[in-house]
Number of protein chains: 2
Amino acid sequence: MSPGTHAPDAEFSPSEENYLKVVYGLREWDPQKVTTGRLAAKLAVSPASASAMVAKLVSRGFMVHPPYGSVGLTESGRSAALKVIRRHRLIETFLVDQLDYTWDEVHDEAEILEHTVSERFIDRIDALLGHPEGDPHGDPIPTADGDSRLPNATRLDHAPAETAVVVRISDADPDVLRTCAAKGIVPGAALHTRGHGLTDDDAAAVWVRPTTLLDEG
Amino acid sequence: MSPGTHAPDAEFSPSEENYLKVVYGLREWDPQKVTTGRLAAKLAVSPASASAMVAKLVSRGFMVHPPYGSVGLTESGRSAALKVIRRHRLIETFLVDQLDYTWDEVHDEAEILEHTVSERFIDRIDALLGHPEGDPHGDPIPTADGDSRLPNATRLDHAPAETAVVVRISDADPDVLRTCAAKGIVPGAALHTRGHGLTDDDAAAVWVRPTTLLDEG
DNA sequence: GGCAAGATTTAGGCATGGCTAAAAAAACTG
DNA sequence: CAGTTTTTTTAGCCATGCCTAAATCTTGCC
(Lines give C-alpha, C1' and ligand atoms only; values in the text may rest on other atoms or scores of the structure.)
Protein backbone atom coordinates (compact mmCIF):
# COMPACT_ATOMS: atom_id res chain seq x y z
CA MET A 1 0.00 0.00 0.00
CA SER A 2 0.86 3.56 -0.03
CA PRO A 3 2.85 4.33 3.08
CA GLY A 4 0.61 6.09 5.55
CA THR A 5 -2.50 4.11 4.74
CA HIS A 6 -2.32 1.61 7.50
CA ALA A 7 -2.86 2.06 11.20
CA PRO A 8 -0.64 4.69 12.86
CA ASP A 9 0.38 2.28 15.60
CA ALA A 10 1.25 -0.46 13.11
CA GLU A 11 4.42 -2.45 13.47
CA PHE A 12 3.98 -4.26 10.18
CA SER A 13 2.99 -3.31 6.68
CA PRO A 14 -0.26 -4.81 5.43
CA SER A 15 1.73 -7.18 3.25
CA GLU A 16 3.81 -8.39 6.14
CA GLU A 17 0.69 -8.93 8.22
CA ASN A 18 -0.81 -11.02 5.43
CA TYR A 19 2.21 -13.24 5.24
CA LEU A 20 2.18 -13.76 9.01
CA LYS A 21 -1.53 -14.49 8.96
CA VAL A 22 -1.30 -16.94 6.07
CA VAL A 23 1.60 -18.86 7.61
CA TYR A 24 -0.37 -19.17 10.82
CA GLY A 25 -3.49 -20.19 8.91
CA LEU A 26 -1.79 -22.82 6.79
CA ARG A 27 -0.24 -24.39 9.83
CA GLU A 28 -3.63 -24.44 11.51
CA TRP A 29 -5.75 -25.77 8.67
CA ASP A 30 -3.34 -27.92 6.77
CA PRO A 31 -0.91 -30.60 7.90
CA GLN A 32 1.32 -30.26 4.82
CA LYS A 33 4.66 -28.52 4.83
CA VAL A 34 4.37 -24.74 4.41
CA THR A 35 6.63 -24.03 1.45
CA THR A 36 7.22 -20.59 0.02
CA GLY A 37 5.51 -21.90 -3.11
CA ARG A 38 2.31 -22.68 -1.20
CA LEU A 39 2.49 -19.32 0.51
CA ALA A 40 2.84 -17.72 -2.90
CA ALA A 41 -0.22 -19.58 -4.21
CA LYS A 42 -2.31 -18.60 -1.20
CA LEU A 43 -1.27 -14.95 -1.46
CA ALA A 44 -1.49 -14.86 -5.25
CA VAL A 45 2.08 -13.68 -5.67
CA SER A 46 5.05 -15.26 -7.41
CA PRO A 47 7.28 -17.73 -5.57
CA ALA A 48 10.11 -15.24 -5.85
CA SER A 49 8.09 -12.56 -4.08
CA ALA A 50 7.03 -14.91 -1.31
CA SER A 51 10.58 -16.09 -0.90
CA ALA A 52 11.83 -12.52 -0.54
CA MET A 53 9.19 -11.59 2.01
CA VAL A 54 9.78 -14.71 4.08
CA ALA A 55 13.50 -13.96 4.07
CA LYS A 56 12.76 -10.47 5.33
CA LEU A 57 10.50 -11.67 8.13
CA VAL A 58 13.04 -14.35 9.08
CA SER A 59 15.75 -11.71 9.29
CA ARG A 60 13.54 -9.62 11.57
CA GLY A 61 12.90 -12.55 13.84
CA PHE A 62 9.24 -13.31 13.12
CA MET A 63 9.58 -16.42 11.02
CA VAL A 64 11.81 -19.46 10.78
CA HIS A 65 12.61 -21.22 7.56
CA PRO A 66 14.92 -24.25 7.68
CA PRO A 67 16.44 -24.88 4.24
CA TYR A 68 13.82 -26.68 2.13
CA GLY A 69 11.75 -27.07 5.25
CA SER A 70 8.43 -25.73 6.44
CA VAL A 71 8.05 -22.01 7.04
CA GLY A 72 7.06 -21.36 10.65
CA LEU A 73 6.52 -18.56 13.11
CA THR A 74 8.64 -17.56 16.07
CA GLU A 75 6.91 -16.64 19.31
CA SER A 76 6.75 -12.99 18.30
CA GLY A 77 5.59 -13.94 14.83
CA ARG A 78 2.83 -16.08 16.25
CA SER A 79 1.77 -13.28 18.54
CA ALA A 80 1.70 -10.82 15.65
CA ALA A 81 -0.33 -13.24 13.53
CA LEU A 82 -2.83 -13.73 16.33
CA LYS A 83 -3.28 -9.98 16.59
CA VAL A 84 -4.12 -9.77 12.91
CA ILE A 85 -6.52 -12.71 13.19
CA ARG A 86 -8.13 -11.14 16.22
CA ARG A 87 -8.67 -7.93 14.28
CA HIS A 88 -10.04 -9.82 11.30
CA ARG A 89 -12.53 -11.85 13.31
CA LEU A 90 -13.70 -8.97 15.49
CA ILE A 91 -14.26 -6.86 12.40
CA GLU A 92 -16.25 -9.65 10.75
CA THR A 93 -18.36 -10.04 13.86
CA PHE A 94 -18.92 -6.31 14.00
CA LEU A 95 -19.96 -6.15 10.34
CA VAL A 96 -22.51 -8.91 10.78
CA ASP A 97 -23.83 -7.89 14.20
CA GLN A 98 -23.90 -4.12 13.83
CA LEU A 99 -23.95 -3.35 10.13
CA ASP A 100 -26.20 -6.16 8.91
CA TYR A 101 -23.68 -7.72 6.56
CA THR A 102 -24.47 -11.29 5.64
CA TRP A 103 -21.74 -13.69 6.65
CA ASP A 104 -20.64 -14.27 3.07
CA GLU A 105 -20.15 -10.52 2.56
CA VAL A 106 -17.73 -9.82 5.35
CA HIS A 107 -14.51 -11.34 4.11
CA ASP A 108 -13.27 -8.75 1.61
CA GLU A 109 -14.03 -5.83 3.87
CA ALA A 110 -12.35 -7.47 6.87
CA GLU A 111 -9.36 -8.39 4.75
CA ILE A 112 -8.65 -4.70 4.28
CA LEU A 113 -9.78 -3.22 7.57
CA GLU A 114 -7.72 -5.70 9.58
CA HIS A 115 -4.66 -3.74 8.46
CA THR A 116 -6.00 -0.24 8.90
CA VAL A 117 -7.81 0.01 12.21
CA SER A 118 -6.07 1.12 15.40
CA GLU A 119 -5.73 -0.75 18.65
CA ARG A 120 -8.25 1.63 20.14
CA PHE A 121 -10.77 0.86 17.43
CA ILE A 122 -10.47 -2.86 17.98
CA ASP A 123 -10.77 -2.53 21.74
CA ARG A 124 -13.92 -0.46 21.38
CA ILE A 125 -15.46 -2.87 18.90
CA ASP A 126 -14.61 -5.74 21.21
CA ALA A 127 -16.36 -4.00 24.10
CA LEU A 128 -19.34 -3.02 21.97
CA LEU A 129 -19.83 -6.64 20.95
CA GLY A 130 -19.51 -7.85 24.53
CA HIS A 131 -16.12 -9.56 24.10
CA PRO A 132 -17.35 -12.31 21.80
CA GLU A 133 -15.54 -15.65 21.73
CA GLY A 134 -16.33 -16.58 18.16
CA ASP A 135 -16.86 -14.90 14.81
CA PRO A 136 -19.71 -15.45 12.32
CA HIS A 137 -17.82 -18.30 10.63
CA GLY A 138 -17.53 -20.26 13.84
CA ASP A 139 -13.89 -19.42 14.34
CA PRO A 140 -12.65 -18.47 17.79
CA ILE A 141 -11.44 -14.90 18.35
CA PRO A 142 -7.98 -14.73 19.92
CA THR A 143 -7.79 -12.63 23.07
CA ALA A 144 -5.98 -9.31 23.26
CA ASP A 145 -3.10 -10.94 25.12
CA GLY A 146 -2.43 -13.54 22.46
CA ASP A 147 -4.36 -16.58 23.61
CA SER A 148 -5.46 -18.40 20.49
CA ARG A 149 -8.51 -20.15 22.01
CA LEU A 150 -7.81 -22.67 19.30
CA PRO A 151 -10.01 -25.73 18.91
CA ASN A 152 -8.93 -28.90 17.17
CA ALA A 153 -10.57 -28.54 13.80
CA THR A 154 -10.64 -31.32 11.23
CA ARG A 155 -12.06 -31.59 7.77
CA LEU A 156 -15.62 -32.91 7.68
CA ASP A 157 -14.65 -35.64 5.24
CA HIS A 158 -11.86 -36.77 7.58
CA ALA A 159 -13.78 -36.68 10.84
CA PRO A 160 -14.53 -39.88 12.74
CA ALA A 161 -17.94 -41.31 11.89
CA GLU A 162 -21.01 -40.41 13.90
CA THR A 163 -19.40 -37.74 16.01
CA ALA A 164 -21.34 -34.70 17.16
CA VAL A 165 -19.47 -31.67 15.86
CA VAL A 166 -19.80 -27.96 15.37
CA VAL A 167 -19.35 -26.44 11.96
CA ARG A 168 -16.67 -24.04 11.00
CA ILE A 169 -16.28 -22.87 7.40
CA SER A 170 -13.38 -21.09 5.82
CA ASP A 171 -14.44 -17.59 4.90
CA ALA A 172 -12.39 -17.49 1.72
CA ASP A 173 -14.99 -18.86 -0.71
CA PRO A 174 -18.46 -17.28 -0.79
CA ASP A 175 -19.71 -20.03 -3.13
CA VAL A 176 -19.00 -22.76 -0.63
CA LEU A 177 -20.53 -20.58 2.07
CA ARG A 178 -23.77 -20.31 0.11
CA THR A 179 -23.93 -23.96 -0.92
CA CYS A 180 -23.58 -24.99 2.69
CA ALA A 181 -26.06 -22.43 3.94
CA ALA A 182 -28.64 -23.81 1.51
CA LYS A 183 -28.33 -27.20 3.22
CA GLY A 184 -28.61 -25.76 6.69
CA ILE A 185 -24.91 -26.11 7.33
CA VAL A 186 -23.94 -22.80 8.90
CA PRO A 187 -21.18 -21.87 11.32
CA GLY A 188 -21.90 -23.04 14.80
CA ALA A 189 -24.53 -25.56 13.72
CA ALA A 190 -24.53 -28.99 15.32
CA LEU A 191 -23.97 -31.82 12.90
CA HIS A 192 -23.17 -35.48 12.70
CA THR A 193 -20.28 -36.56 10.57
CA ARG A 194 -22.39 -38.78 8.33
CA GLY A 195 -25.53 -38.01 6.38
CA HIS A 196 -24.90 -34.30 5.96
CA GLY A 197 -25.77 -34.43 2.25
CA LEU A 198 -22.76 -32.53 0.94
CA THR A 199 -20.67 -33.57 -2.04
CA ASP A 200 -17.17 -34.71 -1.25
CA ASP A 201 -15.78 -31.50 -2.67
CA ASP A 202 -17.92 -29.33 -0.46
CA ALA A 203 -17.35 -31.50 2.58
CA ALA A 204 -13.63 -30.99 2.10
CA ALA A 205 -14.16 -27.26 2.59
CA VAL A 206 -16.16 -27.69 5.78
CA TRP A 207 -14.27 -28.08 8.99
CA VAL A 208 -15.67 -29.25 12.23
CA ARG A 209 -14.64 -29.51 15.82
CA PRO A 210 -16.01 -31.58 18.71
CA THR A 211 -18.91 -29.91 20.47
CA THR A 212 -17.28 -30.11 23.84
CA LEU A 213 -14.43 -27.74 23.21
CA LEU A 214 -15.86 -24.25 23.00
CA ASP A 215 -19.58 -24.48 22.99
CA GLU A 216 -20.52 -24.70 26.55
CA GLY A 217 -18.73 -21.44 27.47
CA MET B 1 0.26 2.70 0.39
CA SER B 2 0.81 -0.85 -0.45
CA PRO B 3 -1.39 -1.76 -3.36
CA GLY B 4 -4.30 -3.82 -2.14
CA THR B 5 -4.74 -2.01 1.13
CA HIS B 6 -7.43 0.35 0.16
CA ALA B 7 -11.07 -0.30 -0.64
CA PRO B 8 -11.70 -2.87 -3.38
CA ASP B 9 -14.09 -0.52 -5.17
CA ALA B 10 -11.64 2.37 -5.02
CA GLU B 11 -11.06 4.54 -8.04
CA PHE B 12 -8.23 6.49 -6.44
CA SER B 13 -5.21 5.67 -4.36
CA PRO B 14 -5.24 7.00 -0.82
CA SER B 15 -2.68 9.61 -1.85
CA GLU B 16 -4.78 10.79 -4.73
CA GLU B 17 -7.81 11.03 -2.49
CA ASN B 18 -5.86 13.15 -0.05
CA TYR B 19 -4.81 15.58 -2.74
CA LEU B 20 -8.40 15.90 -3.97
CA LYS B 21 -9.63 16.40 -0.42
CA VAL B 22 -7.01 19.02 0.42
CA VAL B 23 -7.62 21.02 -2.75
CA TYR B 24 -11.31 21.06 -1.97
CA GLY B 25 -10.61 21.99 1.63
CA LEU B 26 -8.23 24.81 0.86
CA ARG B 27 -10.69 26.32 -1.58
CA GLU B 28 -13.40 26.08 1.04
CA TRP B 29 -11.52 27.44 4.04
CA ASP B 30 -9.08 29.81 2.49
CA PRO B 31 -9.53 32.57 -0.08
CA GLN B 32 -5.86 32.52 -1.14
CA LYS B 33 -4.63 30.97 -4.35
CA VAL B 34 -4.09 27.21 -4.07
CA THR B 35 -0.50 26.79 -5.21
CA THR B 36 1.28 23.47 -5.40
CA GLY B 37 3.53 24.84 -2.67
CA ARG B 38 0.62 25.34 -0.29
CA LEU B 39 -0.69 21.90 -1.17
CA ALA B 40 2.74 20.50 -0.40
CA ALA B 41 2.81 22.24 2.98
CA LYS B 42 -0.65 20.97 3.89
CA LEU B 43 0.20 17.42 2.87
CA ALA B 44 3.69 17.49 4.36
CA VAL B 45 5.35 16.55 1.11
CA SER B 46 7.88 18.39 -1.04
CA PRO B 47 6.74 20.89 -3.67
CA ALA B 48 8.12 18.59 -6.32
CA SER B 49 5.94 15.71 -5.13
CA ALA B 50 2.83 17.87 -4.98
CA SER B 51 3.57 19.22 -8.41
CA ALA B 52 3.88 15.73 -9.85
CA MET B 53 0.67 14.49 -8.27
CA VAL B 54 -1.28 17.55 -9.41
CA ALA B 55 0.01 17.02 -12.93
CA LYS B 56 -1.17 13.42 -12.79
CA LEU B 57 -4.64 14.35 -11.57
CA VAL B 58 -4.86 17.13 -14.16
CA SER B 59 -3.98 14.64 -16.89
CA ARG B 60 -6.71 12.31 -15.65
CA GLY B 61 -9.27 15.07 -15.72
CA PHE B 62 -9.86 15.64 -12.02
CA MET B 63 -7.98 18.88 -11.50
CA VAL B 64 -7.23 22.05 -13.41
CA HIS B 65 -4.03 24.02 -13.01
CA PRO B 66 -3.57 27.14 -15.10
CA PRO B 67 0.15 28.00 -15.32
CA TYR B 68 1.13 29.77 -12.09
CA GLY B 69 -2.53 29.91 -11.19
CA SER B 70 -4.69 28.31 -8.54
CA VAL B 71 -5.13 24.57 -8.52
CA GLY B 72 -8.81 23.69 -8.82
CA LEU B 73 -11.12 20.74 -9.24
CA THR B 74 -13.13 19.72 -12.27
CA GLU B 75 -16.69 18.54 -11.77
CA SER B 76 -15.55 14.93 -11.43
CA GLY B 77 -12.72 15.99 -9.12
CA ARG B 78 -15.14 17.90 -6.92
CA SER B 79 -17.45 14.93 -6.81
CA ALA B 80 -14.60 12.61 -5.86
CA ALA B 81 -13.45 15.01 -3.14
CA LEU B 82 -16.94 15.22 -1.70
CA LYS B 83 -17.10 11.44 -1.54
CA VAL B 84 -13.90 11.35 0.49
CA ILE B 85 -15.14 14.12 2.77
CA ARG B 86 -18.44 12.30 3.20
CA ARG B 87 -16.58 9.16 4.23
CA HIS B 88 -14.36 11.11 6.60
CA ARG B 89 -17.20 12.87 8.36
CA LEU B 90 -19.46 9.83 8.59
CA ILE B 91 -16.60 7.84 10.06
CA GLU B 92 -15.90 10.56 12.61
CA THR B 93 -19.55 10.68 13.57
CA PHE B 94 -19.63 6.91 13.89
CA LEU B 95 -16.53 6.84 16.09
CA VAL B 96 -17.98 9.42 18.46
CA ASP B 97 -21.56 8.16 18.52
CA GLN B 98 -20.99 4.42 18.54
CA LEU B 99 -17.48 3.80 19.78
CA ASP B 100 -17.26 6.53 22.43
CA TYR B 101 -14.30 8.33 20.92
CA THR B 102 -13.95 11.90 22.15
CA TRP B 103 -14.13 14.40 19.36
CA ASP B 104 -10.44 15.21 19.54
CA GLU B 105 -9.55 11.52 19.09
CA VAL B 106 -11.34 10.87 15.84
CA HIS B 107 -9.21 12.66 13.29
CA ASP B 108 -6.28 10.28 12.87
CA GLU B 109 -8.44 7.21 12.69
CA ALA B 110 -10.82 8.81 10.17
CA GLU B 111 -7.88 10.01 8.11
CA ILE B 112 -6.96 6.40 7.45
CA LEU B 113 -10.34 4.70 7.31
CA GLU B 114 -11.70 7.22 4.82
CA HIS B 115 -9.48 5.52 2.24
CA THR B 116 -10.12 1.92 3.19
CA VAL B 117 -13.83 1.40 3.76
CA SER B 118 -16.17 0.27 1.00
CA GLU B 119 -19.23 2.01 -0.32
CA ARG B 120 -21.33 -0.60 1.42
CA PHE B 121 -19.67 0.12 4.75
CA ILE B 122 -20.33 3.83 4.45
CA ASP B 123 -23.94 3.31 3.45
CA ARG B 124 -24.53 1.06 6.43
CA ILE B 125 -22.85 3.49 8.83
CA ASP B 126 -24.94 6.29 7.39
CA ALA B 127 -28.13 4.32 7.97
CA LEU B 128 -27.05 3.23 11.45
CA LEU B 129 -26.49 6.86 12.41
CA GLY B 130 -29.82 7.93 10.95
CA HIS B 131 -28.40 9.87 7.98
CA PRO B 132 -26.82 12.64 10.04
CA GLU B 133 -26.39 16.09 8.52
CA GLY B 134 -23.34 17.13 10.50
CA ASP B 135 -20.26 15.57 12.04
CA PRO B 136 -18.89 16.03 15.58
CA HIS B 137 -16.85 19.07 14.51
CA GLY B 138 -19.90 20.92 13.26
CA ASP B 139 -19.11 20.29 9.61
CA PRO B 140 -21.88 19.26 7.25
CA ILE B 141 -21.78 15.76 5.75
CA PRO B 142 -22.09 15.74 1.97
CA THR B 143 -24.85 13.52 0.64
CA ALA B 144 -24.23 10.31 -1.27
CA ASP B 145 -25.13 12.03 -4.52
CA GLY B 146 -22.57 14.78 -4.15
CA ASP B 147 -24.48 17.64 -2.57
CA SER B 148 -22.03 19.52 -0.39
CA ARG B 149 -24.61 21.01 2.03
CA LEU B 150 -21.99 23.68 2.43
CA PRO B 151 -22.53 26.61 4.76
CA ASN B 152 -20.74 29.93 4.48
CA ALA B 153 -18.11 29.63 7.15
CA THR B 154 -15.90 32.49 8.27
CA ARG B 155 -13.13 32.79 10.80
CA LEU B 156 -14.33 33.83 14.25
CA ASP B 157 -11.87 36.72 14.33
CA HIS B 158 -13.19 37.96 10.99
CA ALA B 159 -16.90 37.59 11.69
CA PRO B 160 -19.12 40.66 11.95
CA ALA B 161 -19.57 41.86 15.54
CA GLU B 162 -22.46 40.65 17.64
CA THR B 163 -23.70 38.02 15.27
CA ALA B 164 -25.25 34.80 16.49
CA VAL B 165 -23.20 32.00 15.01
CA VAL B 166 -22.61 28.29 15.25
CA VAL B 167 -19.17 26.96 15.92
CA ARG B 168 -17.20 24.79 13.56
CA ILE B 169 -13.62 23.84 14.38
CA SER B 170 -11.03 22.35 12.10
CA ASP B 171 -10.26 18.84 13.23
CA ALA B 172 -6.59 19.03 12.38
CA ASP B 173 -5.26 20.29 15.73
CA PRO B 174 -6.24 18.45 18.94
CA ASP B 175 -4.68 21.22 21.08
CA VAL B 176 -6.97 23.85 19.69
CA LEU B 177 -9.86 21.45 20.08
CA ARG B 178 -9.11 21.02 23.77
CA THR B 179 -8.45 24.71 24.49
CA CYS B 180 -11.78 25.57 22.98
CA ALA B 181 -13.63 22.78 24.72
CA ALA B 182 -12.33 24.06 28.06
CA LYS B 183 -14.03 27.39 27.38
CA GLY B 184 -17.29 25.79 26.35
CA ILE B 185 -16.68 26.39 22.69
CA VAL B 186 -17.60 23.12 21.04
CA PRO B 187 -18.87 22.31 17.57
CA GLY B 188 -22.48 23.25 17.10
CA ALA B 189 -22.52 25.59 20.10
CA ALA B 190 -24.24 28.93 19.74
CA LEU B 191 -21.94 31.89 20.24
CA HIS B 192 -21.72 35.61 19.76
CA THR B 193 -18.82 36.99 17.83
CA ARG B 194 -17.59 39.11 20.71
CA GLY B 195 -16.76 38.21 24.28
CA HIS B 196 -15.91 34.62 23.64
CA GLY B 197 -12.72 34.80 25.72
CA LEU B 198 -10.37 33.20 23.22
CA THR B 199 -6.92 34.53 22.35
CA ASP B 200 -6.58 35.90 18.85
CA ASP B 201 -4.56 32.87 17.85
CA ASP B 202 -7.21 30.44 18.98
CA ALA B 203 -10.00 32.53 17.53
CA ALA B 204 -8.27 32.32 14.18
CA ALA B 205 -8.66 28.53 14.28
CA VAL B 206 -12.35 28.70 15.09
CA TRP B 207 -14.76 29.08 12.24
CA VAL B 208 -18.36 30.02 12.52
CA ARG B 209 -21.41 30.21 10.34
CA PRO B 210 -24.65 32.10 10.82
CA THR B 211 -27.21 30.16 12.84
CA THR B 212 -29.84 30.44 10.20
CA LEU B 213 -28.15 28.36 7.57
CA LEU B 214 -28.25 24.78 8.76
CA ASP B 215 -29.60 24.72 12.24
CA GLU B 216 -33.28 24.76 11.81
CA GLY B 217 -33.29 21.69 9.58
C1' DG C 1 12.26 47.54 -17.41
C1' DG C 2 14.69 44.99 -14.26
C1' DC C 3 15.16 41.98 -10.54
C1' DA C 4 14.01 39.49 -6.45
C1' DA C 5 10.80 36.32 -4.73
C1' DG C 6 7.77 32.79 -5.44
C1' DA C 7 6.10 28.81 -8.27
C1' DT C 8 7.16 24.98 -10.92
C1' DT C 9 9.67 21.54 -13.25
C1' DT C 10 13.72 18.59 -14.14
C1' DA C 11 17.03 15.24 -12.92
C1' DG C 12 18.61 11.68 -10.29
C1' DG C 13 17.58 8.71 -6.26
C1' DC C 14 15.44 5.65 -2.62
C1' DA C 15 12.20 2.07 -0.64
C1' DT C 16 8.48 -1.13 -1.01
C1' DG C 17 6.48 -4.89 -3.07
C1' DG C 18 5.51 -6.75 -6.93
C1' DC C 19 7.06 -9.34 -11.71
C1' DT C 20 9.63 -12.89 -15.17
C1' DA C 21 13.16 -15.92 -16.52
C1' DA C 22 16.73 -18.61 -15.44
C1' DA C 23 20.05 -20.82 -12.45
C1' DA C 24 21.11 -23.62 -8.54
C1' DA C 25 20.32 -26.64 -4.86
C1' DA C 26 18.02 -30.28 -2.39
C1' DA C 27 14.79 -34.02 -2.28
C1' DC C 28 12.38 -37.65 -3.88
C1' DT C 29 11.99 -42.02 -6.94
C1' DG C 30 12.82 -45.78 -9.76
C1' DC D 1 22.73 -43.73 -7.36
C1' DA D 2 21.23 -41.10 -11.05
C1' DG D 3 17.82 -38.55 -12.96
C1' DT D 4 13.67 -35.87 -12.44
C1' DT D 5 11.01 -32.86 -9.86
C1' DT D 6 10.39 -29.47 -6.48
C1' DT D 7 12.02 -25.65 -3.93
C1' DT D 8 14.54 -21.67 -3.62
C1' DT D 9 17.35 -17.99 -4.98
C1' DT D 10 19.39 -14.70 -8.25
C1' DA D 11 19.27 -11.09 -11.59
C1' DG D 12 17.12 -7.57 -13.78
C1' DC D 13 13.01 -5.01 -14.20
C1' DC D 14 8.47 -2.13 -13.23
C1' DA D 15 5.27 1.25 -10.79
C1' DT D 16 4.07 4.21 -7.04
C1' DG D 17 5.13 7.91 -4.31
C1' DC D 18 8.22 10.05 -2.00
C1' DC D 19 13.02 12.81 -1.55
C1' DT D 20 16.84 16.68 -2.55
C1' DA D 21 19.14 19.90 -5.37
C1' DA D 22 19.25 22.57 -9.14
C1' DA D 23 17.36 24.78 -12.89
C1' DT D 24 13.75 27.69 -15.05
C1' DC D 25 9.93 30.41 -15.53
C1' DT D 26 6.44 34.08 -14.00
C1' DT D 27 4.88 37.51 -11.23
C1' DG D 28 4.92 41.59 -8.89
C1' DC D 29 7.21 45.47 -7.10
C1' DC D 30 10.27 49.41 -7.31
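- Here E16(B) pairs with K56(B), R60(B) under the salt bridge (charged side-chain N to carboxylate O under 4.0 Å, His left out) rule; sequence neighbours left out.
- Every residue was checked against the side-chain contact (heavy atoms from CB on, under 4.5 Å) condition with S51(B), not counting sequence neighbours, and none meets it.
- D100(B) pairs by the side-chain contact (heavy atoms from CB on, under 4.5 Å) definition with R124(A), not counting sequence neighbours.
- Distances shorter than 4.0 Å separate some side-chain N or O of H65(A) from OP1 or OP2 on dT8(D).
- Ring-centre distance between H88(B) and H107(B): below the 6.0 Å cut-off.
- Scanning for side-chain hydrogen bond (donor to acceptor under 3.5 Å, both in side chains) contacts around S49(A) gives S46(A), with sequence neighbours left out.
- Atom CG of L43(B) and atom P of dC18(D) are 8 Å apart (whole Å).
- For L26(B) and dA7(C), the CG to P distance is 13 Å, given to the nearest whole Å.
- The ring-ring contact (aromatic ring centres under 6.0 Å, His included) search around Y19(A) returns none, not counting sequence neighbours.
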Tabulated below should be each protein N or O lying under 3.5 Å from an N or O of nucleotides 22-30 of chain C; please produce it.
from    : atom 1 : to     : atom 2 : distance (Å)
dA25(C) : N3     : Y68(A) : OH     : 3.3

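- Evaluation of the ring-ring contact (aromatic ring centres under 6.0 Å, His included) rule for Y101(B) yields no partner, not counting sequence neighbours.
- The phosphate of dG17(D) (OP1 or OP2) has a side-chain N or O of S13(B) nearer than 4.0 angstrom.
- A44(B) comes within contact range of the sugar-phosphate backbone alone, with a heavy-atom separation under 4.0 Å but no base atom that close.
- The side chain of E16(A) lies closest to dG17(C), out of dT8(D), dG17(D), dG17(C).
- In this model, the phosphate group of dG18(C) is approached by a side-chain N or O of S15(A) to a distance below 4.0 Å at OP1 or OP2.
- Within residues 45-63 of chain B, the residues approaching DNA chain D are V45(B), S46(B), A48(B), S49(B), K56(B), by heavy-atom distance under 4.0 Å.
- For S76(B), the side-chain hydrogen bond (donor to acceptor under 3.5 Å, both in side chains) criterion is met by T74(B), not counting sequence neighbours.
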